[in-house]
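Worksheet: the structure to be examined is printed underneath.
All values derive from a computational prediction rather than experimental measurement.
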Amino acid sequence: MGILWHQPGYAEEQTDVQKGEYIFRATGGCGCHTDYKNNGEFLAGGRGIQTPFGIFYGTNITPDKETGIGRWSDDDFIRAMTKGLSPQGTHYAPVFPYTSFTKMTREDLLYLKAYLFSIPPVKKQNKPHDLIVPFGQQIGFMLWKKIHFRETKFKPNSEKSIQWNRGAYIAETLAHCGECHTPRDWQGVLKEKMRYAGSQDGPEGELAPNITPDDKTGVGDWSTADMVEFLKTGLKPNYDDSQGLMIEVIEEGYSHLKQEDLEAISEYLRSLPPIHNPEASTKGSN
Ligand code: HEC
């Protein structure tokens, strides 16, 4: 099955590793696991992510057997991605968007694992997070999860087109656009009513703008071609370029996706309810 595969246009990705690389691109390139600033090795971890709860350090996800994920079984990988649990049974912080990846199909998770296991292993110990209590405690993550997290799978909507469903699957599950573009409450929980309406306090304290189709404060005035161009190049219709985390997920990830998939993401975004949110608009005062 699968939402992406067995459709016209996917002929090039034949091996599991090639399919996994495509999934990897669709996630935005797992950039939190590469310490670009300090010329860190690809996916070997150590990158600090600023959040209101302290600094989290991305982990080593290369296939090194001692310091990376080289000893993980398929089920270990799936448990981490869909339940936020490490092979040792410890709970991950919701900074790792397992809250979105939980909806991935098992097939796609295993492709992604095949790709990660094909990259060069790097020996590099993980750095402990530097957190403000109580989020620094396992018990905190466990309680958070009990209250706020439900393991689910992506359910296609049979009333919508194949293209819409593909866009929904990519945006909601793989690309996790909403994890950055939705504001969070004081417990770090996404505010459902403000889905995609932007967050002043996005990851690393950056503004992640409103990307609902609201004309005044969102991207309601962007055409499909505008959105596709943006996801390929980071250039906005007003010729502004993009910075920070967005340009990273574009360069390492979304720009490598097929035209049809970028159009599908745009179609999905345009179908969202428009939300007026001047606080997270890039359009000046509205
Ligand atoms: C890791 C966090 C992150 C993820 C994931 C992410 N974004 Fe962004 N996005 C940002 C940030 C931060 C900005 C602001 C960049 C800037 O101002 O240069 C941004 C800017 C944008 C803009 C420009 C809006 C405007 O009004 O200028 C659009 C459109 C956008 N993102 C769409 C998406 C879509 C679609 C996805 C998923 C396919 C996505 N983003 C995933 C963080 C993210």
Side-chain angles (χ1 to χ4, degrees), residues 9 21-22 24-32 34-37 39 42 47 49-51 97 100 161 163-164 166-184 190 194-286:
E21 181 168 4
Y22 195 75
F24 170 78
R25 296 300 189 185
T27 67
C30 312
C32 296
T34 303
D35 190 6
Y36 299 108
K37 252 188 222 149
N39 288 324
F42 185 52
R47 171 181 186 166
I49 318 277
Q50 289 277 2
T51 78
S100 292
S161 67
Q163 163 147 313
W164 183 93
R166 203 194 278 192
Y169 179 66
I170 298 175
E172 291 283 312
T173 301
L174 305 173
H176 61 285
C177 318
E179 299 270 351
C180 294
H181 285 279
T182 306
R184 292 174 189 265
L190 297 176
M194 295 293 281
R195 247 162 46 101
Y196 296 91
S199 170
Q200 264 188 326
D201 212 3
E204 314 217 299
E206 283 180 298
L207 168 78
N210 182 355
I211 56 169
T212 71
D214 181 56
D215 281 337
K216 290 229 171 76
T217 65
V219 292
D221 53 347
W222 291 32
S223 67
T224 297
D226 290 339
M227 185 60 78
V228 169
E229 182 62 19
F230 177 75
L231 294 174
K232 273 188 185 159
T233 63
L235 274 182
K236 302 179 191 180
N238 62 3
Y239 302 110
D240 246 9
D241 58 359
S242 192
Q243 278 138 34
L245 283 170
M246 191 67 213
I247 193 64
E248 229 175 67
V249 286
I250 290 175
E251 281 177 356
E252 303 297 320
Y254 311 149
S255 64
H256 299 265
L257 297 184
K258 295 176 197 301
Q259 175 81 16
E260 300 88 312
D261 284 341
L262 297 178
E263 285 172 5
I265 296 173
S266 172
E267 179 175 339
Y268 174 67
L269 289 177
R270 292 169 78 83
S271 76
L272 295 171
I275 300 175
H276 189 77
N277 186 16
E279 273 186 17
S281 174
T282 53
K283 299 214 170 77
S285 54
N286 277 286

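- Of all non-hydrogen atoms in Y254 and A175, the two that sit nearest each other are OH-O, 2.8 Å.
- Of all heavy-atom pairs between A280 and A208, the closest is CB-O, 4.2 Å.
- In this structure, the side chain of Y196 does not engage the main chain of C177 through any donor-acceptor pair within 3.5 Å.
- Scanning all heavy atoms of the two residues, the minimum distance from C180 to S199 falls at O-CB, 3.9 Å.
- The backbone N or O of L174 lies less than 3.5 Å from a partner atom in the side chain of H176, making a donor-acceptor pair.
- Side chain of H181 to main chain of P209: a donor-acceptor pair is present (N/O by atom type, distance under 3.5 Å, no hydrogens or angles).
- R47 places a side-chain N or O within 3.5 Å of a backbone atom of G31 that can act as its donor or acceptor partner.
- Judged purely by atom type and a 3.5 angstrom limit, R195 has no side-chain atom pairing as donor or acceptor with the backbone of P273.
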query = So R184 and D201, side-chain contact (heavy atoms from CB on, under 4.5 Å) or not? Walk me through it.
reply = CA-CA 8 Å; R184 292 174 189 265; D201 212 3; over 6 Å; no
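- M194 contributes atom CE, which lies 9.0 Å from atom OG1 of T182 (distance to the nearest 0.5 angstrom).
- Contact detail for G198 and P183: the closest heavy-atom pair is O-CD, 3.1 Å.
- Note: L269 CG to L231 CG = 8.0 Å, rounded to the nearest 0.5 Å.
- For the pair H256 (side chain) and K232 (backbone), a donor-acceptor distance under 3.5 Å is absent.
- A distance-only check finds a donor-acceptor pair linking the side chain of K283 to the backbone of G218 [under 3.5 Å].
- A donor-acceptor pair is defined here as one N or O able to donate and one able to accept, closer than 3.5 Å; no such pair exists between the side chain of N277 and the backbone of N210.
- Contact annotation: the side chain of R166 approaches that of E260 to within less than 4.5 Å [non-hydrogen atoms, C-beta and beyond].
- Counting heavy atoms from C-beta on, the side chains of F230 and M246 come closer than 4.5 Å.
- If you check the side chains of Y36 and E248, you find no donor sitting under 3.5 Å from an acceptor.
- Atom CG of residue L190 and atom CD of residue E179 lie 5.0 Å apart, to the nearest 0.5 angstrom.
- Remark: L207 CG to Q200 CD distance equals 7.0 Å, nearest 0.5 Å.
- Between Q243 and D241, the closest heavy-atom pair is NE2-OD1, 3.5 Å.
- Atoms CD and CD1, on E252 and I247 in that order, are 10.0 Å from each other to the nearest 0.5 Å.
- The distance from the CG atom of D214 to the CD1 atom of I275 is 8.5 Å, given to the nearest 0.5 Å.
- Across all their heavy atoms, G167 and Y268 have their closest contact at C-CB, 3.8 Å.
- Under 4.0 Å is where a charged nitrogen must lie from a carboxylate oxygen, and between R25 and D261 no such pair does.
- In this structure, the side chain of S255 engages the main chain of I250 through a donor-acceptor pair within 3.5 Å.
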